[in-house]
Amino acid sequence: MRVIISGASGLIGSALTAHLGALGHDPVALVRRPAGSNEIQWDPAKGVLDPESLAGADAVVHLAGAGIGD
């Protein structure tokens with residue numbers, strides 16, 4: 001299963017990414033910096049995200065936002 005994850009570098013997102021990968025799924029992180037492997041670049045402030053980059057996604061998990069410890 002291909003799962004797109006915003007907030008993948010956070011506490012919950014990094015654990016979810018590792019868990020999905022260990023189960024044999026394909027977690028893909030949405031990142032604001034230039035994208036590497038298994039990453040898609042986006043700019044939420046400008047509303048920029050290439051819709052083609054989401055092709056084949058089975059699920060999207062949105063975890064970006066304010067930290068829960070803040």
Can you give the donor-acceptor pairs under 3.5 Å from side chains of residues 54-61 to other protein atoms, not counting sequence neighbours?
from, atom 1, to, atom 2, distance (Å)
Asp58, OD2, Arg2, N, 2.8

Give every donor-acceptor pair under 3.5 Å between a side-chain atom in residues 15-30 and any protein atom, sequence neighbours left out.
from, atom 1, to, atom 2, distance (Å)
Thr17, OG1, Gly13, O, 2.8
His25, ND1, Met1, N, 3.3

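Note that the CD1 atom of Ile12 and the CD1 atom of Ile5 stand 12.0 Å from one another [nearest 0.5 Å]. Here OG of Ser6 is found 10.0 Å from CG of Leu49. Values are rounded to the nearest 0.5 Å.
Under the 4.5 Å side-chain heavy-atom criterion for Ile, Leu, Val, Met, Phe, Trp and Tyr, Ile40 and Val31 are members of distinct hydrophobic clusters.
The list of side chain to side chain donor-acceptor pair (under 3.5 Å) pairs with a residue in residues 43-54, not counting sequence neighbours, is empty.
Applying the side-chain hydrogen bond (donor to acceptor under 3.5 Å, both in side chains) test to Glu39 and every residue at least two apart in sequence or in another chain returns Arg33.
The nearest pair of heavy atoms linking Gln41 to Ala35 is N-CB, 3.7 Å.
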